[in-house]
Every structure is written in structure tokens, then in C-alpha cells.
Amino acid sequence: MQDPPTEPTWINRDYFTRVLETYLHADVTVQRYELAAGCPGGQNFMSAIVRATVHYTLGPNADLTQPETVSLIVKTKLANAELAEEADQLNVFGIEKTIYGPVMKAVRELLTSFGDCTQFAPRFIYEDEHALVLEDLAVKGYRQPERRDRLDQPHMRLIVQKLAKFHAATAVLGRKNRDLFSGLASTNFTTEGNPIHLFYANAIQHCIDQTVRVPELSQYTEFLRAFLEQAIEREAKSYECDESGFNVLNHGDMWLNNLLWKYEADGTTVCDVIMVDYQESFYGSPAFDLNHLLYSSANSAIQRAGFDDLVQLYTDELAGALQQFKYDGPLPDLARVRTEMASKRDHALIVTTCIVPPLILENSELATPENMLGDHEEAVRVREEIFSNPKFVEILSILLPRLTTVDGGIV
């Protein structure tokens, strides 16, 4: 079991009193609270996540022996001061506050006007200079499946449908009120000093090492070496927005670590999914999110032979939702979606070589920012372990042929 997080000095009874009084619009007395890690180590790169269970009473005459209990997710800065400063420079909290605040409010209002109650994100409860506070969806039964297996067909179909509706809603809002996304028109990826640049460079180099080591991958060595030389510049272009094209709000980090699932009473039949962690969201081509999801999170069986069906499903759901929400532009068809995905092929390659290896690692706590970025002996050793994982070598053998052929297509 993971140790509880070190408690920041500003987290105390007064803090949670302020949070709950703002949220509940009532006098609150916080009796006590407990903190626990909000996610396993190695699964969050830009913020720390704390789960807080708060016991409180309402009003001055409340029975102190019968407290209410609420579970909250508190997103704070990383304990590593250098990485926390870099996250500040990237404005990850500012982006997420915008998404959970005015953007999600506009999305809810749009959907409600059409009698649609789809929920895309956890409820936003409170924010200040220290943290974002969100509802804890675990108390509603939402959870993550075994991440190393990645997602099977039922899970992938559900998230593809929900992603299409989210994209449709934000496409409509973008046509009605472009200012809503004005602060999200560009990405923080190109920010000088962004630590993700070093992360990607290290990861691609380790992938190159694997192609040298594994005979069946040797044909891709020079391709990856050439890609490494321009990887950051080429990835930056994936975020560029074609103002004349079809654009949506991209989640920006659409992989299974940022998805929470709800199941029927049998515990295995999935019935809903909620997207979390919007700190990399930006306005641009929907193919960015779609590539990110397919290449990072679909299991090997789907990656071998299931992309076509999912892209068709996405296209159908997108068109249906756009019509439902009275979109006033041309509807993207399958050919357009496939062309868009092909134009974002570099991002699919980044996802495959950089995002997937830590995802399928047996011990996810090894994939800390320090180990992924460091040049000390232990960090290099850990990365070699991560990238030599036989499961990852198998994934490279499935996806590199698709990503390196001129006519292989993205789907």
C-alpha cells in the first residue's frame, strides 16, 4: 500500500472549512479529516493528487455526534520544487481551472438545452492559489481497470462515443463563442524548458536502443533516429490549429490513466466513463485526441485489427451529436476524420514511443518524473527496464509498421 502523502502546511481544518462553506453555501464545522494518495506513484507528471475524507457538521446547532462525510480530490503542486516551478510556467492549473470552470459550465448548459445530461468531468468544487478541489468519483463507484491490460472493445467503444460527443459539443460552442477557448488556442507544449521535451527525447532514444537490440525491429532504427532529431518540432506542429478546419476542444492527454469507469452490478459490464485531468487541453483538430486514445490505450488485439471499427464509430457519433446540437457547419465524414488522423501521425508516434512504456509497466512507481528525466545511473537503469519490457517490444512490433509506411494510414 502506498504511504499517505506528506501533508502541505496549508491543508488544515480551516482550509476544508473554507472549501465546504464555499461549495455548500452554509456554515460548516470540520471535525476531522484524513488524507491518502489520490493515485499510484508514477502516474502523474504535473501535479500531486490527494484524496481527502472530511467529516463535518452543518449549522451552529448541529449534532456533533452525527457528522456528515465527504470525499474530495485535491490537486496540488508537485513536492519536487523544480518540477512544480516548471508546471507553474506551463500554466497547467490555469488551463484546468478554465476547463472545469467556464468551459464545462458552457458545455453543461448546451447539453441541458437539448435534454442531454451527459457528464464529461467530475464536479468542480473549489479553487485557490494552492489547489483545485473536485468531487471524488470513487464514492459513486467509478474506478480504473487494470491499466497494464489496456482497454478492451467494450471500454474503447464507450470512451470513443463519449469523446465524440464532447468534441461535438465544444465544436458547436467554438462556432457560437470563439472567445470561450481564447486562452486555450495554443498549447504549453512549445514552452521553452518544458520538461516533457527531455522526457520525449529520453524515451525515443531508449526505443532506438530496443530496435538495435531486437532483430525484428532493426528496420526501424534509422527511421526513429531521424524522427528523434526533429521530434519536438514535429510534435509541436501536431498542436497547431487550422482556423479553416474542423476544430474542437481536445482533452490533450486522452489515455486510460485519465479515465474513470463505472460498472453495472455484476462488476464487469462497463456503463459510463468520466474524463479527468484537463491540464493539457487545447483547441485544435480532434484527431489529436483520437490518435492519443487509440495508440495509448487500446489493447493489442484492437491495435492489430480494430482501429477501423472504432474510427467509424467515432465518426458516426460525432456526426450524430453535431446534428443533435444544431452545428451550423459541414459534418466531418469518415474520409475527413482519417485524413485528419494521418496529419497527426507524428503525435501517434510520440504516444507509442513515449507514453505507452510507463503505462504497461508492472511497477508503475518506477516511472517517476525524476527517473524519466534524470541522467544519473539509477534513472538510466530504470528507463532501460521500462523500455525493454517484452510487452512494449510487442507493441512496437504492432504499431511501428503502421506508423512508418507511407500508405499504411493511421487507421
(Q) Assess the residue pair Leu260 and Arg143 against the criterion (side chain to side chain contact (heavy atoms under 4.5 Å, CB included)); give the C-alpha distance rounded to whole Å, side-chain angles, the decisive distance to 0.1 Å, and a yes or no. (A) CA-CA 5 Å; Leu260 296 175; Arg143 59 182 173 86; 5.9 Å; no
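- Asp128 has its side chain within reach of Tyr15: a pair of non-hydrogen atoms, C-beta onward, lies under 4.5 Å apart.
- Between atom CG of residue Leu349 and atom CZ of residue Phe223 there is a gap of 5.0 Å, rounded to the nearest 0.5 Å.
- Using a 4.5 Å heavy-atom cutoff, the side chains of Arg402 and Tyr295 are in contact.
- In this structure, the separation between NZ on Lys165 and CG on Leu322 is 11.5 Å, given to the nearest 0.5 Å.
- A donor-acceptor pair is defined here as one N or O able to donate and one able to accept, closer than 3.5 Å; no such pair exists between the side chain of Asp272 and the backbone of Lys262.
- The residues Arg178 and Glu243 are annotated as salt-bridged, a charged nitrogen and a carboxylate oxygen being separated by less than 4.0 angstrom.
- Annotation: Phe246 is in aromatic contact with Tyr327 [ring centroid separation under 6.0 Å].
- You'll find the side chain of Thr76 reaches within 4.5 Å of the side chain of Trp10, heavy atoms only.
- Under a 4.0 Å N-O distance rule, the pair Asp277/Lys75 qualifies as a salt bridge.
- In this model, no donor atom of one side chain and acceptor atom of the other lie less than 3.5 Å apart for His292 and Asp289.
- In summary, Lys391 and Glu394 do not engage in a salt bridge, as defined by a charged side-chain N under 4.0 Å from a carboxylate O.
- Under 4.0 Å is where a charged nitrogen must lie from a carboxylate oxygen, and between Glu340 and Arg336 at least one such pair does.
- The two residues Ser388 and Val393 have their closest heavy-atom pair at O-CG2, 4.3 Å.
- Checking side-chain atoms of Tyr33 against main-chain N and O of Ile11 turns up a donor-acceptor pair under 3.5 Å.
- Residues Glu235 and His347 have side chains that bring a donor and an acceptor to within less than 3.5 angstrom of each other.
- A salt bridge links Arg338 with Asp308; the closest basic N to acidic carboxylate O contact falls under 4.0 Å.
- To the nearest 0.5 Å, the span separating CD1 on Ile204 from CG on Asp209 amounts to 12.0 Å.
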Q) Passes side chain to side chain contact (heavy atoms under 4.5 Å, CB included), Leu228 versus Leu224? Steps please. A) CA-CA 6 Å; Leu228 176 58; Leu224 288 177; over 6 Å; no
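- Aromatic pair Phe288/His167: ring centres not closer than 6.0 Å.
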**Q.** Chi angles and distances behind the side chain to side chain contact (heavy atoms under 4.5 Å, CB included) call for Lys326, Val172
**A.** CA-CA 8 Å; Lys326 308 301 184 187; Val172 170; over 6 Å; no
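- Under the 30°/60° scheme for interplanar angles, the aromatic rings of Tyr283 and Phe181 are found to lie parallel.
- A donor-acceptor contact shorter than 3.5 Å is absent between the side chain of Glu68 and the backbone of Tyr56.
- When side chains are defined from C-beta on, Trp261 counts as touching Ile159, because their heavy atoms get closer than 4.5 Å.
- We find the CG-CD1 distance between Leu134 and Ile125 to be 7.0 Å, quoted to the nearest 0.5 Å.
- With hydrogens and angles ignored, the 3.5 Å screen pairs a side-chain donor or acceptor of Asn247 with a backbone N or O of Asp242.
- Proximity of a side-chain donor or acceptor of Asp152 to a complementary backbone N or O of His155 within less than 3.5 Å is detected.
- Salt bridge Asp328/Arg175: present, at least one basic N to carboxylate O contact under 4.0 Å.
- In this structure the side chain of Ser113 never reaches within 4.5 angstrom of the side chain of Phe325, judged on heavy atoms.
- Judged purely by distance below 3.5 Å, without hydrogens or angles, the side chains of Arg150 and Ser300 pair a donor atom with an acceptor atom.
- Side-chain contact annotation: Lys344 with Ser285, donor-acceptor N/O pair under 3.5 Å absent.
- In this structure, CG on Leu403 lies 10.0 Å from CG on Leu396, to the nearest 0.5 angstrom.
- Here CG of Leu151 is found 5.0 Å from CG of Leu256. Values are rounded to the nearest 0.5 Å.
- Between Glu362 and Arg148 there is a salt bridge, since a side-chain N of the basic residue sits under 4.0 Å from a carboxylate O of the acidic one.
- Not a single donor-acceptor pair under 3.5 Å links the side chain of Arg51 to the backbone N or O of Ala36.
- A 4.5 Å side-chain heavy-atom check between Met372 and Asn202 finds every atom pair outside the cut-off.
- Judged by distance alone, the side chain of Ser296 and the main-chain N or O of Val351 form no donor-acceptor pair under 3.5 Å.
- Panel note: side chain Gln279, backbone Glu96; no donor-acceptor pair is recorded below 3.5 Å.
- No donor-acceptor pair closer than 3.5 Å links the side chain of Arg123 to the backbone N or O of Glu135.
- Side-chain contact annotation: His251 with Asn258, donor-acceptor N/O pair under 3.5 Å absent.
- Counting heavy atoms from C-beta outward, Lys140 and Leu137 have side chains that approach closer than 4.5 Å.
- The minimum heavy-atom distance linking Thr353 with Ala203 is given by the pair O-CB, 3.8 Å.
- Looking at Glu280 and Ile95, their side chains never come closer than 4.5 Å, going by heavy atoms from C-beta outward.
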Q | Evaluation steps, side chain to side chain contact (heavy atoms under 4.5 Å, CB included), between Leu132 and Ile73 | A | CA-CA 8 Å; Leu132 297 172; Ile73 294 297; over 6 Å; no
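- When ring centroids are compared, Phe16 and Tyr126 stay outside the 6.0 Å threshold.
- Side chain of Glu264 to main chain of Cys271: no donor-acceptor pair is present (N/O by atom type, distance under 3.5 Å, no hydrogens or angles).
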